[in-house]
Amino acid sequence: MDDATRAELAARWAYRAGLEHAAAFRFRRLAGRLDASGFDRELVAIATLAETQEREHVRLCREIAARFGGAPGRDARGRDNTLPREPVVSEVAPGSFGERDRVIYEVVAFCCVTETANAVVVTAGADDIDDTAIRRAVRTILADEVQHSRLGWRFLATHPPDDTQLGWLGAYLPDMLAGTIREDLFRPQVVLGDEITMQRFGTLPVAGRREAFVTGMREVLLPGLAAIGVDTAPAAALLDRLDAERVKLDA
Ligand SMILES: [Fe+2]
Ligand SMILES: [Fe+2]
């Protein structure tokens with residue numbers, strides 16, 4: 001493996017560790033909010049368990065990143081990759097929302113949208129991994145992310161949104177989708193390192209990530225939300241636009 005590929009693998013796994021770290025704190029806050037707003041106890045328990053699982057994902061991702069170089073606190077290119085002790089967990093719901101609606105928004109945005117997106121992207125790359133330790137780690141992460149997305153669906157089944165809430169869920173769904181992807185995913189990118197090699201070590205090429213995201217959202221997320229009465233037309237229109245970008249970028 002060449003140095004550029006090795007450094008990029010270290011950077012990608014370290015980046016993923018950062019996302020998992022932020023997810024742990026988001027689940028911690030969510031568990032507290034679910035509890036404070038009087039939602040089902042079992043949902044609080046799942047969110048609490050999810051925090052623990054995300055912490056294990058951080059450990060797994062950092063361990064893999066370390067294999068490709070760098071040292072604790074430094075990535076392979078010498079940049080600081082220390083994880084913040086208390087990451088800033090942004091508010092995703094509009095500021096005007098009350099406490100209960102804020103929780104509904106966050107559960108849908110985070111569990112149904114983001115965790116479903118994670119699960120489909122990880123699934124898409126899982127079969128190409130030929131490194132035993134990484135494959136094992138990715139399988140663990142995948143099984144957990146699927147559970148995390150189920151927290152969202154279970155929440156919606158346990159506490160069905162009323163007509164007003166269904167209305168704003170449909171209207172804000174494009175924002176939730178846009179908020180879950182890296183800003184540059186559907187833009188031209190300079191790829192460092194050899195993507196085919198990196199795929200064998202658990203990071204899907206950017207074209208594959210774009211495709212898995214669009215397909216997963218169209219085939220899993222939208223039908224799931226439409227089934228409970230959310231108007232998914234605005235979100236479908238956004239996915240059509242992203243898909244057109246994707247086709248252009250990958251041509
Ligand atoms: Fe995770
Ligand atoms: Fe997760």
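Hydrogens, waters and symmetry mates are skipped; everything else that's a heavy atom, side chains included, is used. Indexing begins at 1, ligand by ligand and atom by atom, following the structure's order.
Residues that satisfy the side-chain contact (heavy atoms from CB on, under 4.5 Å) test with T123, not counting sequence neighbours, are L142.
Between E145 atom OE2 and H57 atom ND1, the angle centred on the Fe ion (ligand 1) amounts to 100° (nearest 10°). Angle OE2(E115) to the Fe ion (ligand 2) to OE2(E54), rounded to 10°: 90°.
Residue-level check: among N/O/S atoms of E20, OE1 sits closest to the Fe ion (ligand 1). H148 has its closest N, O or S atom to the Fe ion (ligand 2) at the position named ND1.
Panel note: side chain R33, backbone V103; no donor-acceptor pair is recorded below 3.5 Å.
Screening V92, T114, L221, L169 for a side-chain contact (heavy atoms from CB on, under 4.5 Å) involving M176 leaves a single residue, L169.
A side-chain N or O of D128 and one of Q199 form a donor-acceptor pair less than 3.5 Å apart.
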